[in-house]
Amino acid sequence: MNRVRWTSVLALIAGLSLVIFFAFKTWHQWTLAQRINSGEVQVETLRGWMTLPYIEKTYGVRQSEIRTALGLPESGFEERSLKDWLEITNQDPVLGRRKVEALILQANSAKSKRSTP
Amino acid sequence: MSELNDLLLTGLLNHGSLLLGLVLFFAALGVPLPATMLLLAAGAFAQQGVLPWLSAGLIGIAAAILGDFASYALGRLAGPRLPQRLTSTAAWQRAADSFSRSGFWAIFLSRFIFTPIAFPINLLAGSTGFAWIRFAMAVIVGEVIWVILFGGLGAVFADSWEFLSAIASDVTGLLIGFLIAGYGLWRLWKSHHKAQ
């Protein structure tokens with residue numbers, strides 16, 4: 001086989017490998033999304049990159065309540081992410097997130113109670 | 001999600017459009033940064049009222065275009081410094097001719113579909129002396145489409161932008177795979193025809 005054919009076959013194999021790899025990943029993402037939508041898989045609402053002001057704005061939980069629940073200073077370091085806060089204060093990340101998630105659930109149920117006549 | 005992604009998302013919340021602009025600029029310069037993911041997140045944050053959408057969009061477009069121009073300039077500077085034994089070969093000349101004919105579409109499509117090859121395309125355009133005005137046209141239209149398309153998708157699907165980001169990167173990988181496999185198949189077919 002000459003050089004042109006070799007490189008062509010190589011390109012074909014490399015391309016097909018990429019197609020198979022990414023097709024599998026896309027399919028996996030898609031099935032995961034279906035399972036999340038059907039409620040079969042639960043996904044955490046909170047992410048480590050979120051800051052306290054962002055959580056306050058998006059989920060309607062006051063920053064002061066989050067700070068109290070996590071035992072953080074009353075103010076300051078607003079730019080710090082939730083993950084950094086939990087790391088700095090030596091808290092278990094799962095437990096810490098659960099505390100904030102409980103506050104979000106509380107805020108949601110209070111909101112729905114207010115909206116029902 | 002990786003540490004870098006987390007860092008960039010927290011940065012986007014704290015520094016807004018400035019961080020978005022910096023990431024889009026350096027990504028266009030070839031630094032491996034998750035620009036599309038950040039663009040989707042910026043769209044979602046704008047929808048949630050965390051980020052001003054107009055300034056984020058304008059800064060994003062301007063930064064991506066500037067980054068493209070900078071990498072084109074790098075290619076222009078590097079072009080004459082490439083060894084002559086490479087640039088004087090028939091293969092290089094053929095590649096340069098072919099790029100000057102159909103390079104516009106390669107530049108345009110690599111802005112928002114085949115984004116991982118945008119940087120090498122910019123370098124190629126610069127080093128082969130592709131007309132800067134045609135380069136600028138393809139880049140400006142392409143980047144405007146990219147920012148509006150992905151920022152808009154992030155805003156429309158603000159609740160599921162992370163899923164969208166994962167799907168977008170996988171679909172891009174899939175398309176690049178098809179492109180490489182198609183190229184190999186086309187060359188094989190051509191060499192087979194020649195042999196006959």
Side-chain angles (χ1 to χ4, degrees), chain A residues 1-37 41 43-60 63 77-88 93, chain B residues 1-16 19 34 37-38 41 44-45 47-51 91 114 116 157-195:
Chain A
M1 224 191 295
N2 62 21
R3 221 186 74 199
V4 175
R5 281 202 172 187
W6 259 114
T7 50
S8 309
V9 169
L10 214 64
L12 187 63
I13 293 169
L16 287 177
S17 308
L18 280 176
V19 167
I20 292 165
F21 175 73
F22 283 107
F24 178 75
K25 272 189 79 187
T26 310
W27 174 78
H28 178 72
Q29 284 290 344
W30 187 255
T31 50
L32 182 68
Q34 305 281 17
R35 289 170 70 198
I36 292 168
N37 285 340
V41 176
V43 181
E44 286 164 343
T45 333
L46 289 170
R47 299 281 185 273
W49 51 262
M50 293 176 175
T51 57
L52 302 188
Y54 178 77
I55 297 170
E56 182 176 29
K57 176 133 191 154
T58 317
Y59 299 108
Q63 223 190 116
F77 302 105
E78 294 211 327
E79 72 289 345
R80 204 172 267 173
S81 70
L82 181 64
K83 189 181 156 214
D84 286 347
W85 270 122
L86 296 175
E87 258 175 32
I88 289 164
Chain B
M1 217 172 257
S2 74
E3 289 274 324
L4 176 69
N5 287 9
D6 280 3
L7 202 71
L8 290 174
L9 287 167
T10 308
L12 186 63
L13 289 175
N14 290 325
H15 307 291
L19 185 110
M37 182 278 293
L38 212 65
F45 294 167
Q47 206 276 332
Q48 291 162 346
V50 178
L51 201 69
F114 305 109
F157 300 102
D159 293 333
S160 49
W161 70 265
E162 285 168 285
F163 165 70
L164 212 63
S165 166
I167 285 280
S169 87
D170 291 346
V171 169
T172 305
L174 201 64
L175 289 173
I176 295 217
F178 275 123
L179 196 73
I180 296 171
Y183 174 73
L185 208 62
W186 173 72
R187 291 232 339 199
L188 266 179
W189 180 79
K190 229 174 118 178
S191 74
H192 180 70
H193 255 252
K194 238 183 196 174

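Just so it is clear: chains get the letters A, B, ... in the order the sequence lines come, proteins before strands, and each one is counted from 1.
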Point to revise | Interchain contact, A:T51 with chain B, by part (heavy-atom threshold 4.5 Å) | key: both
Practice item. Under 4.5 Å heavy-atom distance to chain B, tell me which part of A:T7 shows up: side chain, backbone, both or neither. Key: side chain
Revision key, fill the gap. Most heavy-atom pairs under 4.5 Å with chain A, out of B:D170, B:I180, B:N14, belong to B:D170
Review point. Could you go step by step and tell me if A:L18 and B:L174 meet the side-chain contact (heavy atoms from CB on, under 4.5 Å) rule?
Key: CA-CA 6 Å; A:L18 280 176; B:L174 201 64; over 6 Å; no
Review point. How long is the gap from CD1 on B:I167 to CH2 on A:W30, to the nearest 0.5 Å?
Key: 7.0 Å
Check your understanding: Could you walk me through whether A:R5 and B:H192 pass the side-chain contact (heavy atoms from CB on, under 4.5 Å) check?
Key -> CA-CA 9 Å; A:R5 281 202 172 187; B:H192 180 70; 3.9 Å; yes
Review point. What heavy-atom pair brings A:Q29 and B:F163 nearest, and what distance separates the two atoms?
Key: O-CE1, 3.4 Å
Exercise for review: Against chain B, label A:K57 side chain, backbone, both or neither, depending on which of its atoms sit under 4.5 Å from a heavy atom there.
Suggested key: side chain
Study note, to complete from the structure: Residues A:V19 and B:G177: closest non-hydrogen pair is CG2-C, 3.5 Å
Check your understanding: Which distance, rounded to the nearest 0.5 Å, do you find between the OG1 of B:T10 and the CZ of A:R80?
Key -> 12.0 Å
Exercise for review: Taking all heavy atoms of A:A11 and all of B:G184, pick out the closest pair and write down the distance.
Suggested key: CB-CA, 3.9 Å
Review point. Once you round to the nearest 0.5 Å, how far does CD of A:E78 lie from CG of B:L13?
Key: 12.0 Å
